[in-house]
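What follows is a set of notes on a single structure, which appears directly below.
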Amino acid sequence: MRERKGKYHDKFAEIYNKKCAYCGALWELLPVESFEVNHFLNENSFPKTTEGRAEAGRMENLVWSCISCNRGKYDIMIQDPYENSLNVDSGNITKVFYRDEDFSIKVCDTYQEDKFIQNFYKKLRLGYETRRLDYFGLRLRGRYLREKDEEKKNQLGNALNILIRKRNMIKMTSEIET
């Protein structure tokens, strides 16, 4: 699983439609190095034994994640009731976070005062502008794939390439600054 260009990594990505389970960034719009298999409940949530490591590595505890979300949540201990609320496989996370009309990720009203959810949101940088660009790129790519008119398809393809280049420049700049 750790081999980013291995067949198991690719198959795992397919389970999540090649999108980050937390922010929705699409693998095809970012470099392969930008994605990895993530422990939903981090490894420190389990006993430091062989059995604990095996439990942490169970398929049910692994999700597909962009590196930004994975590294952002590395020290977050998700416990009840958040284990259920933030579960990406059940879709419950969409009851905690949503996309607004400007493609921003927002915290649902129910969780506005919840310190744990606010910390999760902040640590995963779900409010960053790059999250909006990633989602816009995802939508633009979908439109490109559906377009039948060759001229419009070329225009959409050019716009998508510009967006990807600019997005990757932002990614490189933010990594240098952090």
Sequence neighbours left out, cut at 3.5 Å: what donor-acceptor pairs do the side chains of residues 102-112 make with other protein atoms?
from: S104; atom 1: OG; to: R132; atom 2: NE; distance (Å): 3.4
from: Q112; atom 1: NE2; to: V107; atom 2: O; distance (Å): 2.6

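Side chains of L163 and L133 form a contact here, defined as non-hydrogen atoms less than 4.5 Å apart. The shortest distance between side-chain heavy atoms of C66 and C23 falls below 4.5 Å. V88 has its side chain out of reach of W64: every pair of non-hydrogen atoms, C-beta onward, lies at least 4.5 Å apart. In this structure, D134 and C20 have side chains that are not in contact, with every pair of non-hydrogen atoms separated by 4.5 Å or more. At least one side-chain heavy atom of M77 sits under 4.5 Å from a side-chain heavy atom of N42. In this structure, K122 and L126 have side chains that are not in contact, with every pair of non-hydrogen atoms separated by 4.5 Å or more.
In R99, the CZ atom is crowded: over 12 heavy atoms of neighbouring residues, nucleotides or ligands sit closer than 6.0 Å. Around OH of Y74, the count of heavy atoms belonging to other residues, nucleotides or ligands within 6.0 Å does not exceed 12. Open room surrounds CD on E151; 12 or fewer heavy atoms of other groups in view lie less than 6.0 Å from it.
By the side chain to side chain contact (heavy atoms under 4.5 Å, CB included) test, I164 pairs with L29, L160, N168, sequence neighbours left out. For N17, the side chain to side chain contact (heavy atoms under 4.5 Å, CB included) criterion is met by K19, not counting sequence neighbours.
Under a 3.5 Å cut-off, the side chain of N119 and the backbone N or O of K115 do not form any donor-acceptor pair. Formation of a donor-acceptor pair under 3.5 Å by the R131 side chain with backbone atoms of R125 is found in this model. A donor-acceptor pair under 3.5 Å is absent between the side-chain atoms of N87 and the main chain of N92, judged by distance alone. Under a 3.5 Å cut-off, the side chain of R71 and the backbone N or O of I67 do not form any donor-acceptor pair. One N or O on the side chain of S65 and one on the backbone of N70 form a donor-acceptor pair closer than 3.5 Å.
Follow the hydrophobic side-chain contacts under 4.5 Å out from I162 and you never reach Y135; the two are in separate clusters. Under the 4.5 Å side-chain heavy-atom criterion for ILVMFWY residues, a single connected hydrophobic cluster contains both I78 and Y121.
In this structure, the separation between CG on L86 and NZ on K73 is 9.0 Å, given to the nearest 0.5 Å. Atom CG in L62 sits 8.0 Å away from atom CG in N38 (nearest 0.5 Å). Atom CG in L41 sits 10.5 Å away from atom CZ in R58 (nearest 0.5 Å). Atom NE2 in H9 sits 7.0 Å away from atom CD in E36 (nearest 0.5 Å). Once rounded to the nearest 0.5 Å, the distance linking CD1 of I15 with CG of D10 reads 11.5 Å. With rounding to the nearest 0.5 angstrom, the OH atom of Y22 is 5.5 Å from the CZ atom of F120.
Taking the six-membered ring where the residue is Trp, W27 and F35 present tilted rings, their angle falling between 30° and 60°.
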